[in-house]
> 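One structure coming up, written as structure tokens, with questions to follow.
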Amino acid sequence: MAIFHPDLAAQPVPRYTSYPTAAQFHDGVGAAEQGQALAAIPAGAPVSVYLHVPFCRQICWYCGCNTGVAANDRLKRYEKALLAEIATVASLMKGRVIAVQFGGGSPNALAAPVLARIIAALRAQFDVADGAEIAMEIDPRAIQPCDAKVLAAAGVNRISLGVQTFAPHVQKLINRIQPFDTIMAAVDQFRGAGIKAINFDLMYGLPGQSVVDLTETIEQALLLKPDRVAVFGYAHMPSAIARQRMISDLDLPGAAARFAMSTAAHRLFTAAGYAAIGFDHFALPDDSLARAAADGEMIRNFQGYATQAGEAVIGLGATAISQFAGLIVQNEKHLGQWETAVNAGQLAGTRGVAVNADDAQRSDVIARLLCDGLVDVPEPLADALPHLAKHAARGLVRLHGRQVALTPDGWPYARLIASAFDAHLKAPQRHSKAV
């Protein structure tokens with residue numbers, strides 16, 4: 001079992017779903033740079049598409065996503081604007097789409113026929129590869145009886161269910177009531193419709209949650225045999241996220257309990273035959289993420305661990321983030337302003353960061369360390385290595401020349417260890433705890 005280091009576990013550190021991180025975004029990057037990056041993608045080059053749906057039927061208190069309560073008129077306007085943005089981006093970008101991800105919020109705040117129309121528009125206007133993975137996050141509480149059949153017919157082939165916890169008292173404290181039977185029915189419905197790849201999102205560090213609660217949740221989840229599971233640590237930042245003020249600091253587990261939950265998840269899933277993927281994912285051996293990890297081909301982007309991205313990830317929708325080789329750009333966050341821009345045939349990028357050669361090199365080192373647990377540090381970044389000596393002394397990393405390898409004890413602290421290569425990190429900043 002990994003060793004608990006309280007001084008390390010409680011340190012705030014980025015999740016490194018990009019580098020530079022969102023903390024470095026500024027308004028000096030916008031639609032002009034976004035258009036240039038889209039146009040520079042060669043014809044036929046592989047790309048991924050991410051579509052953001054910033055709505056939920058009900059808001060959960062823990063959530064840090066860009067989302068709001070859905071209303072019918074807002075949903076109709078959003079569909080119209082999203083279709084307009086698809087047309088504009090498709091006219092500029094000639095790459096080939098190899099993967100599509102719907103995220104949120106809760107994409108199924110939009111009715112299944114609406115989601116099917118959006119997928120049809122993607123296929124009609126982009127060059128979507130045969131066999132492309134089309135994945136969608138789903139709120140199990142909002143599933144309608146025919147949703148699975150409609151989405152399967154539209155080509156959705158992977159579903160990610162927001163489970164979080166099965167403990168009723170924890171569900172009450174986070175405003176997300178969904179019994180085990182609700183999740184089981186959702187799994188049965190999607191598998192019955194032919195969507196065999198099922199992901200679960202679980203969380204630890206939630207208010208009122210204990211190691212026993214998480215253990216029981218995982219034992220119940222294993223009965224449904226999801227193909228892939230993410231176990232995220234709750235990031236409590238009420239000063240920045242108003243809805244989290246509904247959660248009392250007094251209800252939150254301490255650093256030692258959070259660490260115990262994290263290590264319990266690792267023990268339970270690996271004992272059940274799942275491969276440990278990075279520091280917070282688990283997958284059955286035949287899942288595409290497990291295969292990518294085993295082959296050293298796993299990547300990390302704004303969706304977390306992923307199997308493929310191609311030359312760029314193209315974000316569509318309000319607040320969506322696009323990642324290009326030399327640029328990261330985020331769409332307008334304000335829903336009305338985003339709608340106005342895309343309905344006028346304009347791109348919606350309003351902030352981001354240019355990625356220079358040093359950033360790109362650091363990004364690769366951080367990504368390989370978080371994905372593979374092993375990296376050969378290029379000579380220009382060797383000045384970061386002395387900062388890892390303190391971690392090596394605790395047995396969290398092995399250093400051999402310019403090679404850095406995480407030990408089994410080091411994986412829980414992977415993000416903190418990777419932060420040694422972050423040239424932009426300044427304290428204090430708002431980030432989630434290391435564990």
Side-chain angles (χ1 to χ4, degrees), residues 14-54 65-66 78 81-105 107 118 121-122 125-128 132-135 137 299-304 306-335 337-339 341-342 345-356 359-360 363-364 367:
R15 292 190 183 275
Y16 292 117
T17 51
S18 75
Y19 184 84
T21 70
Q24 280 73 57
F25 289 7
H26 57 83
D27 61 9
V29 167
E33 292 79 9
Q34 185 179 22
Q36 292 167 5
L38 285 166
I41 296 173
V47 299
S48 298
V49 171
Y50 172 78
L51 296 97
H52 189 74
V53 180
C65 298
N66 291 305
Y78 198 79
L82 192 55
L83 292 173
E85 186 178 26
I86 288 171
T88 298
V89 172
S91 71
L92 296 172
M93 198 281 298
K94 304 306 178 185
R96 191 171 203 214
V97 177
I98 58 172
V100 177
Q101 169 77 37
F102 284 79
I118 292 169
L122 288 172
Q125 299 186 60
F126 287 97
D127 175 15
V128 179
E133 181 172 273
I134 301 179
E137 297 174 6
I299 63 168
R300 189 158 176 81
N301 59 26
F302 280 102
Q303 285 73 64
T307 58
Q308 54 187 347
E311 295 199 9
V313 177
I314 298 169
L316 301 170
T319 81
I321 299 173
S322 297
Q323 292 175 282
F324 304 96
L327 184 76
I328 304 173
V329 60
Q330 183 172 27
N331 278 356
E332 171 61 57
K333 289 185 176 183
H334 186 276
L335 196 57
Q337 293 176 17
W338 170 79
E339 288 178 354
V342 297
Q346 300 170 0
L347 295 174
T350 57
R351 61 196 296 265
V353 62
V355 180
N356 61 33
D359 290 332
S363 176
D364 185 62

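Residues take their numbers from the sequence shown, with the count starting at 1. What you see below is based on every heavy atom in this structure, not just the backbone, and it leaves out hydrogens, waters and symmetry mates.
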> Of all the heavy-atom pairs spanning Cys65 and Gly105, show the shortest one and how long it is.
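That would be CB-N, 3.9 Å.
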> Hey, which of Leu122, Asp127, Ile314, Val128 is the one that makes side chain to side chain contact (heavy atoms under 4.5 Å, CB included) with Val97?
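The single option meeting the side chain to side chain contact (heavy atoms under 4.5 Å, CB included) with Val97 is Val128.
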> Below 4.5 Å, heavy atoms only, C-beta onward: do Glu133 and Gln101 meet side chain to side chain?
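Answer no - side chains too far apart.
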> Before giving the answer on side chain to side chain contact (heavy atoms under 4.5 Å, CB included), spell out for Leu38 and Leu347 the whole-Å C-alpha distance, their side-chain angles and the decisive distance to 0.1 Å.
CA-CA 10 Å; Leu38 285 166; Leu347 295 174; 4.0 Å; yes
> Between the main-chain N or O of Ala325 and the side-chain N or O of Glu311, is there a donor-acceptor pair closer than 3.5 Å?
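No, Glu311 side chain to Ala325 backbone: no donor-acceptor pair under 3.5 Å.
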> The test is side chain to side chain contact (heavy atoms under 4.5 Å, CB included); show your working for Val47 and Phe126 and say whether it passes.
CA-CA 11 Å; Val47 299; Phe126 287 97; over 6 Å; no
> Kindly indicate, with the supporting measurements, whether the criterion side chain to side chain contact (heavy atoms under 4.5 Å, CB included) is fulfilled by Tyr50 and Asn301.
CA-CA 11 Å; Tyr50 172 78; Asn301 59 26; over 6 Å; no
> Using 0.5 Å steps for rounding, measure from the CD atom of Gln125 to the CG atom of Leu83.
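Reported value, rounded in 0.5 Å steps: 8.0 Å.
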> Given the rule in the side chain to side chain contact (heavy atoms under 4.5 Å, CB included) test, do Ile86 and Ile118 qualify, once you have shown the distances and angles that lead to the verdict?
CA-CA 9 Å; Ile86 288 171; Ile118 292 169; 4.0 Å; yes
> I need the minimum non-hydrogen distance between Ile98 and Gly310, along with the two atoms involved.
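So the minimum-distance heavy-atom pair works out to CD1-N, 4.0 Å.
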> Pick from Gln34, Arg351, His52: which one makes a side-chain hydrogen bond (donor to acceptor under 3.5 Å, both in side chains) with Asn331?
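For Asn331, the side-chain hydrogen bond (donor to acceptor under 3.5 Å, both in side chains) test succeeds with only one of Gln34, Arg351, His52, which is Gln34.
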> I'd like to know if the side chain of Glu332 reaches the main chain of Gln337, judged simply by a donor and an acceptor atom lying under 3.5 Å from each other, with no hydrogens or angles considered.
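Checked: no pair found.
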> With a 3.5 Å distance limit and no angle check, can you tell me whether Thr21 reaches the backbone of Thr17 through a side-chain donor-acceptor pair?
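Side chain of Thr21 to backbone of Thr17: no pair is present.
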> Mind checking whether Thr350 and Asp27 have side chains closer than 4.5 Å, heavy atoms only?
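No, side chains not in contact.
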> Backbone N or O of Ala318 within a donor-acceptor pair of the Tyr78 side chain at under 3.5 Å?
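Flag set: sc Tyr78 to bb Ala318 pair under 3.5 Å.
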> With heavy-atom distances below 4.5 Å as the criterion, would you say the side chains of Val313 and Gln303 are in contact?
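Yes; the side chains approach each other to less than 4.5 Å.
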> I want to check something: taking the side chain as every heavy atom from C-beta on, are Thr319 and Gln330 in contact at a cut-off of under 4.5 Å?
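Yes, at least one pair of side-chain atoms sits under 4.5 Å.
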> Please answer whether the main-chain N or O of Arg15 pairs with a side-chain N or O of Arg300 as donor and acceptor at a distance below 3.5 Å.
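Between the backbone of Arg15 and the side chain of Arg300 there is a qualifying donor-acceptor contact (under 3.5 Å).
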> Can you check whether Gln24 reaches Ile328 side chain to side chain, under 4.5 Å on heavy atoms?
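With C-beta onward as the side chain, the pair stays apart.
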> Any side-chain heavy atom of Phe324 within less than 4.5 Å of one from Glu33?
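Heavy-atom side-chain distance check fails, nothing below 4.5 Å.
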> With the side chain counted from C-beta on, respond yes when Val355 and Ser363 share a heavy-atom pair under 4.5 Å apart, and no when they do not.
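They are not in side-chain contact.
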> Can you name the closest pair of heavy atoms from Pro20 and Phe25 and give their distance?
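Smallest heavy-atom distance, with atoms named: O-CE1, 4.4 Å.
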